[in-house]
Amino acid sequence: MAKLRSIVKTSDDAPSDNLRAQVHFCAETGQIWLHEHRMLLIHAEAQALLRKELIDTLGMARARGLLTRMGYESGVRDAELARTGAKGMSDLDAFMTGPRLHTLEGIVKVSRVKLELERTSGKFYGEFIWENSWEGQWHRHYYGIHSEPVCWTQIGYSCGYTSAFMGRPILYKEVECAGMGDNHCRIIGKPIDEWDDASEYAHIFDRESIAEQLIDLQTQVVQLRSSISEKEKRPADVIGNSPAFRAAYDLLTQAANSQITVLLLGETGVGKEVFARILHERGARCGASFVAINCAAIPHDLVESELFGVEKGAYTGALASRPGRFERANGGTLFLDEIGDLPLAAQAKLLRVLQEGEIERLGDQRTRKINVRLVAATNIDLRILVQEGKFRSDLYYRLNAFQIHIPPLRERKEDVSPLARRFLEKYSAINGKRLRGFTDKAKRALLGYAWPGNIRELQNTIERGVILAPSGTRIEVDHLFSACGEQAPLEFGLDPHGDLNINRPDTGKDLCEAVFNGSMTLDQVEAMLVDTAVDKARGNLSAAARMLGLTRPQLAYRLRRLHEGEAAKIEAPPLPVEDA
């Protein structure tokens with residue numbers, strides 16, 4: 001057995017450098033990353049005390065179920081990372097990413113005893129030995145030798161990882177356990193339907209009844225609140241719980257039942273038209289038309305005909321009479337977006353319509369009565385336009401009867417995550433994809449971005465992420481921001497010996513400066529790259545050559561030349577003073 005485990009250690013530890021390279025410690029933000037998943041470095045004793053409190057509070061059975069499910073979710077996350085880096089690897093090598101991660105994360109040292117798997121057919125059998133199990137050791141510390149296996153979190157991890165990797169439920173049993181007094185732990189895993197007593201373990205992975213009761217109570221409370229004030233229920237597309245957004249939405253609901261003219265203020269993409277539609281749907285005019293027009297998108301010489309209509313022959317090209325937007329919106333709501341771009345001549349006619357409640361088509365002498373509720377919107381400060389003489393002051397005061405400022409997304413960070421989830425659901429359904437959400441690093445990027453294009457930009461970004469992310473995975477930073485101009489924060493990475501080193505994004509620039517200012521030569525840079533590649537490949541020249549994009553003979557030639565140059569420096573006699 002010792003010989004077998006030695007062989008396994010050599011083969012399983014070979015790719016560990018690649019996993020270590022995925023670990024980064026960010027000094028600026030205080031975050032630790034494993035690929036794009038945020039990790040925590042927690043005291044084992046503190047974790048053990050939490051485990052003990054769960055056992056003492058919930059009882060052994062419920063604590064076992066809770067901790068097993070927690071481990072299961074952790075295993076599922078690591079399976080995603082294994083799938084991400086599995087390109088070009090065999091199924092066996094790809095699977096061993098999980099045990100290596102379990103070891104790298106400090107949970108337990110994993111050694112493979114036997115592993116047979118075939119993903120296409122679903123065949124699986126795995127047997128592993130665990131050494132230095134923190135869970136078994138601490139359980140034994142607090143409760144003494146136990147009569148049953150106690151590494152619940154670790155078993156849950158193994159079940160979650162293997163089930164996600166294989167695409168079918170895999171159940172592990174701990175047949176030896178340090179918590180039972182054994183020298184080490186041993187686990188065996190195979191498809192759940194191949195265990196005779198599988199039904200006895202199924203309840204461990206089910207949510208406890210107390211949790212179901214809490215959810216039922218929560219659902220009843222939500223239903224009661226909904227029945228008490230059904231009118232206050234927000235539309236599905238209106239998402240936000242930040243104080244600034246709630247204040248704007250409260251003003252909107254107050255204005256909905258009146259006929260007052262509303263002016264919506266806010267940057268491009270904050271959702272001014274969405275607010276206007278809600279104002280219409282919540283008011284007494286909801287059964288009539290809602291007509292929207294963007295004043296900035298209409299040529300100035302056509303604005304009046306678009307707003308007020310035109311009679312046949314009013315101008316060259318007017319081949320037929322047609323109503324304008326005011327007539328189409330009669331009895332309902334007219335939404336004038338970007339009203340600050342309205343020409344002065346059209347502003348004067350608009351003011352008359354608002355005052356008199358009647359319009360006159362272009363080229364017509366007859367007036368028509370209209371009954372329209374006007375909602376205007378702009379991303380420009382109209383007061384400045386008034387001062388500059390570009391907007392009529394009397395029209396401004398008429399429109400500014402009820403003002404609602406919709407905050408930009410950078411001022412409502414609490415709403416970014418729920419909005420992103422809503423767009424993820426929407427575009428996943430449209431594109432026929434099943435995605436598991438966002439990676440932790442992607443979530444951080446979404447919250448850290450300023451969103452100058454506001455909700456519209458967020459919506460487009462999530463749509464791009466859904467399209468780029470492979471089905472069954474999580475959306476990563478590169479799927480969202482393919483060309484991020486922000487400087488990456490300083491991060492520390494793990495070197496092959498497990499020590500912390502600093503990885504700077506501008507290391508390449510520093511290296512260039514070192515060559516330019518004469519502190520390093522090109523030969524020294526080449527020697528450093530070659531030696532590092534050979535060390536990383538553990539002396540395997542073929543593997544080192546692949547890392548450098550060279551053939552093996554090319555690498556051998558460079559090594560020979562570099563070593564001959566070093567030997568020549570050592571053997572060369574010192575130059576005479578006058579020659580020097």
Q: State, without any angle test, whether E457 and Y449 hold a side-chain donor-acceptor pair at a distance under 3.5 Å.
A: yes
Q: Take atom OH in Y557; do more than 12 heavy atoms of anything else shown fall under 6.0 Å from it?
A: no
Q: Drop me the distance from R464's CZ to N460's CG, to the nearest 0.5 angstrom.
A: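 Interatomic distance, R464 CZ to N460 CG, rounded to 0.5 Å: 8.0 Å.
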Q: Taking all non-hydrogen atoms of both residues, which atom of R412 and which atom of S242 are closest, and how far apart?
A: CB-OG, 3.1 Å
Q: Between CG of L34 and CG of L40, what distance do you get to the nearest 0.5 Å?
A: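 One finds 12.0 Å between CG of L34 and CG of L40.
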Q: Quick check against the 3.5 Å criterion: does S428 have a side-chain atom that pairs as donor or acceptor with the backbone of E425?
A: no
Q: What are the two closest heavy atoms between L555 and A544, and how far apart are they?
A: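 The answer is CD2-CB, 3.7 Å.
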Q: Find the distance between CE (M70) and OG1 (T68) and round it off to the nearest 0.5 Å.
A: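 Rounded to the nearest 0.5 Å, the CE-OG1 separation comes to 9.0 Å.
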Q: Just wondering, do I107 and W134 contact through their side chains at under 4.5 Å, heavy atoms?
A: yes
Q: When you look at E127 and K114, which way does the salt bridge (Lys or Arg N to Asp or Glu O under 4.0 Å) test go after all the steps?
A: CA-CA 5 Å; E127 186 174 348; K114 185 176 181 181; over 6 Å; no
Q: Show the numbers, then the answer: is there a side chain to side chain contact (heavy atoms under 4.5 Å, CB included) between V534 and L541?
A: CA-CA 6 Å; V534 172; L541 295 187; 4.1 Å; yes
Q: If you take all heavy atoms of D91 and F165, which pair is closest and at what distance?
A: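 That closest heavy-atom pairing would be O-CZ, 3.7 Å.
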Q: Distance-only, no hydrogens or angles: does the R119 side chain make a donor-acceptor pair with backbone N or O of G167 under 3.5 Å?
A: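 Pair absent, no side-chain N/O of R119 close to backbone of G167.
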Q: Would you check if the side chain of N431 reaches a backbone N or O of I467 as a donor-acceptor pair within less than 3.5 Å?
A: no
Q: NZ/K443 to CG/L446 distance, rounded to the nearest 0.5 angstrom?
A: 10.0 Å
Q: Should C177 and E148 count as side-chain neighbours, where that means a heavy-atom distance under 4.5 Å?
A: no
Q: Using only atom types and a distance under 3.5 Å, with no angle test, would you say the side chain of E174 pairs donor to acceptor with the backbone of C151?
A: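 A pair under 3.5 Å: yes.
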Q: Hey, does P149 have a side-chain heavy atom less than 4.5 Å from the side chain of R186?
A: no
Q: Does the side chain of I462 come within less than 4.5 Å of L480's, by heavy atoms?
A: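 Side-chain contact under 4.5 Å: yes.
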Q: Is there side-chain contact between S417 and F438, with heavy atoms separated by less than 4.5 Å?
A: no
Q: Taking only residues two or more places apart in sequence, or in another chain, which ones meet Y427 in a ring pair (Phe, Tyr, Trp, His ring centres under 6.0 Å)?
A: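 If we apply the ring pair (Phe, Tyr, Trp, His ring centres under 6.0 Å) test to Y427, skipping adjacent residues, there are no hits.
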Q: Between the main-chain N or O of T551 and the side-chain N or O of Q554, is there a donor-acceptor pair closer than 3.5 Å?
A: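 Yes, the answer is positive, given that a donor and an acceptor are paired below the 3.5 Å cut-off.
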Q: Report yes or no: is the cationic atom of R51 (NZ for Lys, CZ for Arg) under 6.0 Å from the centre of the six-membered ring of W152, at an angle within 45° of the ring normal?
A: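 Yes.
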Q: At their closest point, which heavy atom of K123 faces which heavy atom of R168, and how far apart are they?
A: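 Scanning both residues, the minimum pair turns out to be N-NH1, 4.5 Å.
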Q: For N183, does the CG atom have more than 12 heavy-atom neighbours from other residues, nucleotides or ligands under 6.0 Å away?
A: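 No, not enclosed.
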Q: Does a side-chain heavy-atom distance below 4.5 Å link P99 with R112?
A: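 No; the side chains remain at least 4.5 Å from each other.
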Q: What distance do L50 atom CG and I55 atom CD1 have between them, rounded to the nearest 0.5 Å?
A: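 Rounded to the nearest 0.5 Å, the CG-CD1 separation comes out at 10.0 Å.
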Q: H184 versus K109: any side-chain heavy-atom pair under 4.5 Å?
A: no
Q: Which residues satisfy the ring pair (Phe, Tyr, Trp, His ring centres under 6.0 Å) test with Y143, sequence neighbours excluded?
A: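 Partners of Y143 under the ring pair (Phe, Tyr, Trp, His ring centres under 6.0 Å) test: H139.
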Q: Using the side chain to side chain contact (heavy atoms under 4.5 Å, CB included) rule, take L550 and R558 through it: C-alpha gap first, then chi angles, then the decisive distance, then the call.
A: CA-CA 10 Å; L550 303 172; R558 282 172 167 76; 4.0 Å; yes
Q: Apply side chain to side chain contact (heavy atoms under 4.5 Å, CB included) to V270 and L409, showing your working.
A: CA-CA 7 Å; V270 295; L409 202 51; over 6 Å; no
Q: Just by distance, do the side chain of R38 and the backbone of D440 share a donor-acceptor pair under 3.5 Å?
A: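 Flag not set: sc R38 to bb D440 has no pair under 3.5 Å.
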Q: Just verifying a value: how many Å separate Y172 OH and F128 CZ, rounded to the nearest 0.5 Å?
A: 4.5 Å
Q: Given 3.5 Å as the limit, does a donor-acceptor pair link the side chain of R436 with the main chain of G472, or not?
A: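 It does not hold such a pair.
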Q: Could you list the residues that satisfy side chain to side chain donor-acceptor pair (under 3.5 Å) with S158, not counting sequence neighbours?
A: none
Q: Could you tell me whether the side chain of R246 and the main chain of N241 form a donor-acceptor pair under 3.5 Å?
A: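 Yes; at least one donor-acceptor contact below 3.5 Å.
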Q: What pairs meet the side chain to side chain donor-acceptor pair (under 3.5 Å) rule with one or both residues in residues 465-475, with sequence neighbours excluded?
A: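 Counting only pairs at least two positions apart or across chains, the side chain to side chain donor-acceptor pair (under 3.5 Å) contacts touching residues 465-475 are E80-R474.
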Q: Considering only heavy atoms from C-beta outward, does the side chain of Q459 approach that of E463 to under 4.5 Å?
A: no
Q: Mind checking ring pair (Phe, Tyr, Trp, His ring centres under 6.0 Å) for W130 and listing every partner two or more places apart, or none if nothing turns up?
A: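 For W130, no residue satisfies ring pair (Phe, Tyr, Trp, His ring centres under 6.0 Å) once neighbours in sequence are set aside.
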Q: If every non-hydrogen atom of G98 is compared with every non-hydrogen atom of Y161, which pair is closest and at what distance?
A: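 The pair with the smallest heavy-atom distance is N-OH, 2.9 Å.
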Q: Which residues pass the side chain to side chain donor-acceptor pair (under 3.5 Å) test with K413, sequence neighbours left out?
A: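 If we apply the side chain to side chain donor-acceptor pair (under 3.5 Å) test to K413, skipping adjacent residues, there are no hits.
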Q: Take a 6.0 Å sphere around CD of E411 and say whether it holds more than 12 heavy atoms from other residues, nucleotides or ligands.
A: yes
Q: Any chance CG of L41 has more than 12 other-residue heavy atoms, nucleotides or ligands included, within less than 6.0 Å?
A: no
Q: Y125 and side-chain contact (heavy atoms from CB on, under 4.5 Å): which single residue from L117, I188, I170 fits?
A: I188
Q: So, does T153 use its side chain to make a donor-acceptor pair with the main chain of G71 at under 3.5 Å?
A: no
Q: Just do the side chain to side chain contact (heavy atoms under 4.5 Å, CB included) check on F245 and I239 with the steps written out, would you?
A: CA-CA 9 Å; F245 178 81; I239 298 171; over 6 Å; no
Q: Between F124 and F95, is the gap from one ring center to the other below 6.0 Å?
A: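 Yes: the rings meet the under 6.0 Å criterion.
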Q: Looking only at atom types and distance, does a side-chain atom of K433 sit under 3.5 Å from a main-chain N or O of A469, one as donor and one as acceptor?
A: yes
Q: For the residue pair V110 and T103, what are the closest heavy atoms and their distance?
A: N-OG1, 3.2 Å
